[in-house]
Amino acid sequence: MIDIRFPDGNVRQYTEGITSLDIAKSISEGLARNILSAKFNGKVQDATLPLNESGELQLLTWDDEDGKATMWHSSAHLMAEAIEHLYPGTKFGIGPDIENGFYYDMDLGDHVISSENFTEIEKKMAELAAQKQEYKRSEVSKKEALEYFSQKGDEYKLELISDLEDGQISFYQTGQFVDLCRGPHLPDTSHIKAIKLLSVAGAYWRGDESRKQLTRIYGITFPKKKLLDDYLVLLEEAKKRDHRKLGKELELFTFSSRVGQGLPLWLPKGAQLRERLENFLKKVQKEAGYEPVITPHIGAKDLYVTSGHYAKYGADSFRPITTPNEGEEFLLKPMNCPHHCEIYSSSPRSYKDLPIRYAEFGTVYRYEQSGELHGLTRVRGFTQDDAHIFCRPDQVKDEFKAVIDIVLKIFKALDFKDFITQISIRDPKNPSKYIGSDENWQKAEASIIEVAQEKGLDYIVVEGEAAFYGPKMDFMVRDAIGRKWQLGTIQVDYNLPERFNLEYVGNDNQKHRPVMIHRAPFGSMERFVAVLIEHCAGKFPLWLTPEQLIILPISEKYHGYAEKVLSYLKKYDIRGHIDFRSEKTGKKIRDAEIQRIPYMIIVGEKEENDQTVSVRKQGHGDLGSMSLENFSRLIAEEVSQADIFD
RNA sequence: GCUAUUGUAGCUCAGGGGUAGAGCACUUCCUUGGUAAGGAAGAGGUCAUGAGUUCAAAUCUCAUCAAUAGCUCCA
């Protein structure tokens with residue numbers, strides 16, 4: 001007998017060799033139907049694999065990320081099986097599960113697959129799934145594996161196998177389709193109830209552009225039709241929220257090929273929005289003891305040679321610009337830190353001066369490959385809400401904490417409720433990759449983790465993801481429809497103070513090296529605005545939105561009253577304008593709704609006589625009529641809800 | 001940067017070797033209206049740019065520029 005401990009702490013006894021699936025059956029029919037795979041002693045494996053020792057067991061269903069992964073990985077096999085039926089002779093590369101679904105890379109020979117073929121492939125997959133084919137695992141020797149695929153003529157699988165060690169190779173078979181795979185897989189194909197192929201694209205074999213381009217088909221599957229329908233609605237919703245589309249519709253920003261790729265042009269409304277965000281942060285930073293600094297857009301090449309960035313990124317940057325007579329070289333600045341270091345060292349510093357916090361909305365230019373550019377999220381010229389804190393080692397923790405407070409304030413003000421933080425620390429196996437004393441690193445890593453705990457943050461720690469100069473904390477938000485975005489970052493840096501020879505005089509009258517904290521709560525204004533647009537679907541919070549209201553006179557007779565209302569509201573710093581067009585009210589409302597103007601003020605005979613306004617809220621409909629005073633109070637309250645003007 | 005697709009009016013898009021189309025937006029006129037589209041008329045385009053093929057190119061070919069998707073990359 002073996003002891004199996006379940007996640008709830010229960011321990012039950014089973015005969016040796018029992019499978020997770022059988023255990024599920026012993027618990028309930030429903031669970032047996034829904035089990036996709038199992039996690040045994042921390043390792044995800046087939047539900048049909050016998051358990052030969054005592055251990056901890058978690059039965060995985062669709063509700064577990066690992067369960068979903070099993071489903072999608074098995075779906076990739078199912079797709080390959082269907083394609084082998086439809087296009088015999090297809091050779092297969094790799095077919096993993098991904099965050100949302102799966103893909104399979106394949107060489108179709110002379111065949112060309114386009115999205116027009118999806119329906120027939122989906123149909124075949126559904127047909128095979130319904131046959132309840134088992135995923136049969138078998139262990140094979142390297143020799144057998146090589147023989148099988150050389151007979152099949154699949155050079156991709158042969159290449160994969162030749163990189164594997166003998167004794168660790170397994171095959172999975174569904175129907176006639178045999179694939180090299182470490183698993184795990186579903187008990188059988190009947191779990192796959194809803195199938196959707198999403199896109200087809202080229203992908204180089206093993207990501208190497210010197211090698212053959214294979215056809216990659218992306219798809220997703222679900223255990224219930226309803227879940228697929230929900231997912232498709234989500235995709236539609238994501239399309240509607242695309243910041244590139246909304247940016248155009250709401251006249252926030254544009255691009256011009258004459259200006260150049262990846263160089264955004266902020267239109268008046270977008271610039272206004274961005275300015276409000278900047279002013280908000282400036283105010284918060286001022287309260288937190290930051291001092292604004294301003295530095296030029298270019299810097300001598302040597303500055304970046306000193307910082308070490310030239311060696312690392314110089315080849316992939318815009319080429320230096322040179323003075324006509326002296327041939328001096330300058331770089332468009334790709335970052336602000338070296339400039340700020342020079343400000344720090346412009347004067348001797350005492351330990352009493354620290355921390356010093358320099359903040360700048362610094363516009364930087366980085367050469368991004370043309371294929372990487374994407375709306376406002378990936379551009380070649382952008383503005384960081386940058387700041388560098390120069391402090392003593394004993395101040396790192398408090399400073400870090402204070403930066404977190406700023407990030408949290410921003411998230412709160414902009415309604416990012418769901419986020420996690422990722423703490424990136426050194427790779428313990430590879431200490432030579434990093435600079436700075438071991439002691440400093442330990443201190444910094446420990447402080448960041450402590451701070452995260454003290455702040456009650458939901459965090460994960462990832463080893464080996466730290467920058468070479470120090471550990472960092474990144475903030476990932478989940479937007480209103482569940483997509484993840486990386487925004488702010490806080491980094492501890494021992495490198496630049498060293499390279500720029502930054503010093504302060506301690507209370508021991510000796511020179512010491514300060515520690516630098518780089519931080520950008522928004523990340524970049526461009527990227528942040530893009531994420532914000534998608535998060536709120538263009539319906540910005542009232543304090544931010546370029547146009548807070550529009551006044552809709554019922555007819556020309558009430559234009560005078562409309563102007564009176566507007567000038568009253570403007571006294572309270574409320575932004576809006578009047579729709580003077582000779583359109584019907586229904587039309588004006590429709591246009592204002594589409595423009596996502598938060599409040600529509602309808603004025604006609606009744607309002608003029610009573611000196612009131614009739615208020616309609618975007619997306620909510622008629623709120624009834626109220627006095628101007630009450631309306632401005634309503635607006636003021638909503639603006640202050642963001643808790644930004646405290 | 002690589003591969004594929006795309007580029008026609010301000011926007012969304014149809015068309016396609018014989019000289020340009022729709023809807024919305026815009027202008028003017030009629031209409032003066034009560035919570036998501038009132039009516040009419042008008043104006044607006046070297047069909048991304050450059051070259052080639054052709055009697056003739058917006059249409060076919062090539063190059064360039066840009067966009068989109070995927071790959072690779074991101075201080």
Side-chain angles (χ1 to χ4, degrees), chain A residues 98 103 105 112-115 198-218 242 244-245 248-249 251 254-263 304 307-317 331 333-338 364-375 377-380 382 384 386 467-469 472 486 489 491 493 495-496 518 520 523-524 527 552-559 581-595 600-607 614-625:
Chain A
I98 52 176
Y103 67 79
D105 284 347
V112 176
I113 282 193
S114 77
S115 52
L198 297 168
S199 62
V200 54
Y204 298 101
W205 172 231
R206 303 194 125 177
D208 182 346
E209 67 185 52
S210 67
R211 308 197 63 181
K212 185 159 177 177
Q213 195 170 45
L214 305 180
T215 302
R216 172 174 297 180
I217 299 180
Y218 287 88
D242 190 321
R244 293 167 299 181
K245 180 171 127 76
K248 191 181 272 183
E249 282 172 13
E251 297 172 349
T254 189
F255 289 90
S256 155
S257 59
R258 307 184 78 163
V259 172
Q261 266 189 308
L263 299 170
Y304 294 97
S307 75
H309 292 101
Y310 191 78
K312 203 159 178 185
Y313 297 102
D316 297 318
S317 295
L331 292 182
K333 78 172 166 189
M335 54 199 356
N336 306 299
C337 15
V364 296
Y365 300 90
R366 295 177 185 177
Y367 173 77
E368 303 286 358
Q369 297 182 36
S370 60
E372 296 317 318
L373 301 170
H374 183 92
T377 57
R378 195 81 186 270
V379 286
R380 285 177 174 170
F382 58 95
Q384 294 179 314
D386 212 356
F468 66 95
Y469 49 75
K472 61 175 180 168
Q486 193 192 314
T489 180
Q491 306 181 358
D493 183 0
N495 175 41
L496 283 188
H518 306 242
S524 89
R527 187 176 163 79
L552 312 178
I554 296 288
S555 84
E556 278 167 25
K557 281 183 241 159
Y558 313 107
H559 283 184
R581 294 176 305 165
S582 78
E583 293 289 351
K584 287 194 166 181
T585 310
K587 169 72 168 160
K588 291 182 184 177
I589 286 171
R590 179 181 153 82
D591 290 345
E593 289 274 353
I594 290 170
Q595 279 299 304
M600 284 150 270
I601 305 300
I602 293 143
V603 293
E605 188 180 0
K606 196 163 88 50
E607 288 75 15
S614 177
V615 180
R616 184 189 162 97
K617 189 168 182 176
Q618 203 272 346
H620 291 81
D622 197 356
L623 298 186
S625 60

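Keep in mind the model is a prediction, meaning the values are calculated, not measured. Proteins come first, then strands; the chains are lettered A, B, ... in the order of their sequence lines, and each starts at number 1.
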**Interatomic distance at P, B:A56 relative to B:C13, whole Å** = 35 Å

**Request:** Can you measure from OH (A:Tyr365) to CG (A:Leu331) and round to the nearest 0.5 angstrom?
**Result:** 13.5 Å

**Message:** Without decimals, in angstroms, what is the distance between A:Glu583 CD and B:U27 P?
**Reply:** 10 Å

**Message:** Closest approach to the side chain of A:Ile602, judged atom by atom: which nucleotide of B:U35, B:G1, B:A69 is it?
**Reply:** B:U35

**Asked** Shortest non-hydrogen contact from A:Ile554 to A:Gly604?
**Response** CG1-CA, 3.6 Å

**Message:** I'd like to know if A:Gln486 reaches the base of B:C74 with its side chain, counting only an N/O donor and acceptor under 3.5 Å.
**Reply:** no

**Asked** At under 4.0 Å, does any side-chain N or O of A:Gln369 touch on OP1 or OP2 of B:U72?
**Response** no

**Message:** By the 4.0 Å heavy-atom rule, please label A:Ser370 as base, sugar-phosphate, or nothing.
**Reply:** base

**Request:** Kindly say if A:Arg216 contacts the phosphate of B:C71, meaning a side-chain N or O under 4.0 Å from OP1 or OP2.
**Result:** yes

**Complete:** Contacts of A:Lys248 and A:Arg206 projected onto RNA chain B by closest heavy atom; the upstream (5') one is A:Lys248

**Request:** Using Watson-Crick or G-U wobble geometry with both distances below 3.5 Å, tell me the partner of B:G44, or none.
**Result:** none

**Message:** Can you measure A:Glu556 atom CD to B:C30 atom P for me and round it to whole angstrom units?
**Reply:** 10 Å

**Asked** Side-chain contact, heavy-atom cut-off 4.5 Å: A:Phe382 with A:Val364?
**Response** yes

**Message:** Measure CG/A:Leu263 against C1'/B:C65 and give the value in whole Å, please.
**Reply:** 14 Å

**Asked** At under 4.0 Å, does any side-chain N or O of A:Arg258 touch on OP1 or OP2 of B:U49?
**Response** no

**Message:** If you assign A:Asp622 and A:Tyr367 each to the RNA chain B nucleotide with the nearest heavy atom, which residue ends up on the more 5' nucleotide?
**Reply:** A:Tyr367

**Asked** Whole-Å distance between B:C11 P and A:Gln595 CD?
**Response** 15 Å

**Message:** Using OP1 and OP2 only, check whether a side-chain N or O of A:Lys557 sits under 4.0 Å from B:U31.
**Reply:** no

**Request:** Tell me whether the OP1 or OP2 atom of B:A67 has a side-chain N or O from A:His374 closer than 4.0 Å.
**Result:** no

**Message:** With a 4.5 Å cut-off on side-chain heavy atoms, are A:Ser555 and A:Glu605 touching?
**Reply:** no

**Asked** Roughly how many Å is it from NZ in A:Lys212 to P in B:U3, rounded to a whole number?
**Response** 15 Å

**Asked** Expressed as a whole number of Å, how far does the C1' atom of B:G1 sit from that of B:G18?
**Response** 42 Å

**Message:** Quick check for you: among B:G34, B:C30, B:C74, whose closest atom lies nearest to any side-chain atom of A:Tyr313?
**Reply:** B:C74

**Item:** Atom of A:Lys617, atom of A:Glu593 and distance for their closest heavy-atom approach
**Value:** O-OE2, 4.1 Å

**Prompt:** Say you pick atom C1' in B:C55 and the same atom in B:A67; how far apart are they, in whole Å?
**Reply:** 36 Å

**Request:** Rounded to the nearest angstrom, tell me the gap between atom CD1 in A:Ile594 and atom C1' in B:G23.
**Result:** 14 Å

**Prompt:** Looking only at heavy atoms, what is the nearest atom pair of A:Asp105 and A:Leu214, with distance?
**Reply:** CB-CD1, 3.9 Å

**Item:** B:A9 and B:C24, which share atom name C1', separated by this distance in whole Å
**Value:** 12 Å

**Item:** B:C71 phosphate, OP1 or OP2, under 4.0 Å from A:Tyr218 side-chain N/O
**Value:** yes

**Prompt:** On a whole-Å scale, what distance lies between the P atoms belonging to B:A20 and B:U49?
**Reply:** 16 Å

**Asked** Taking the side chain of A:Ser555 as its heavy atoms from C-beta onward, which of B:U32, B:A36, B:U68 lies nearest to it?
**Response** B:U32

**Prompt:** When the C1' atoms of B:G33 and B:G39 are considered, how many whole Å apart are they?
**Reply:** 13 Å

**Asked** What residue among A:Ile589, A:Ile601, A:Leu552 forms side-chain contact (heavy atoms from CB on, under 4.5 Å) with A:Arg616?
**Response** A:Ile589

**Item:** Spacing of the P atoms in B:G23 and B:U19 (rounded, Å)
**Value:** 22 Å

**Message:** Just the rounded figure in Å: distance from P of B:C74 to CG of A:Asp316.
**Reply:** 9 Å

**Message:** When you measure only distances, ignoring hydrogens and angles, does the side chain of A:Arg616 come within 3.5 Å of the base of B:A36 through a donor and an acceptor?
**Reply:** yes

**Item:** Counterpart base for B:C74, defined by Watson-Crick or G-U wobble contacts under 3.5 Å
**Value:** none

**Request:** May I ask you to test the A:Tyr313-A:Pro334 pair for a side-chain heavy-atom distance under 4.5 Å?
**Result:** no

**Message:** With rounding to the closest Å, how many angstrom separate the C1' atoms on B:A14 and B:U6?
**Reply:** 15 Å

**Message:** Measuring to OP1 and OP2 of B:U68, would you say a side-chain N or O of A:Arg378 lies under 4.0 angstrom away?
**Reply:** no

**Request:** Would you mind reading off the distance between A:Arg527 atom CZ and B:C74 atom P, rounded to a whole angstrom?
**Result:** 15 Å

**Message:** Using OP1 and OP2 only, check whether a side-chain N or O of A:Gln213 sits under 4.0 Å from B:U3.
**Reply:** no

**Request:** State the pairing partner of B:A56; accept Watson-Crick or G-U wobble contacts with both distances under 3.5 Å, and report none otherwise.
**Result:** none

**Prompt:** Do the side chain of A:Glu607 and the base of B:G34 come within less than 3.5 angstrom through a donor-acceptor pair of N or O atoms?
**Reply:** yes

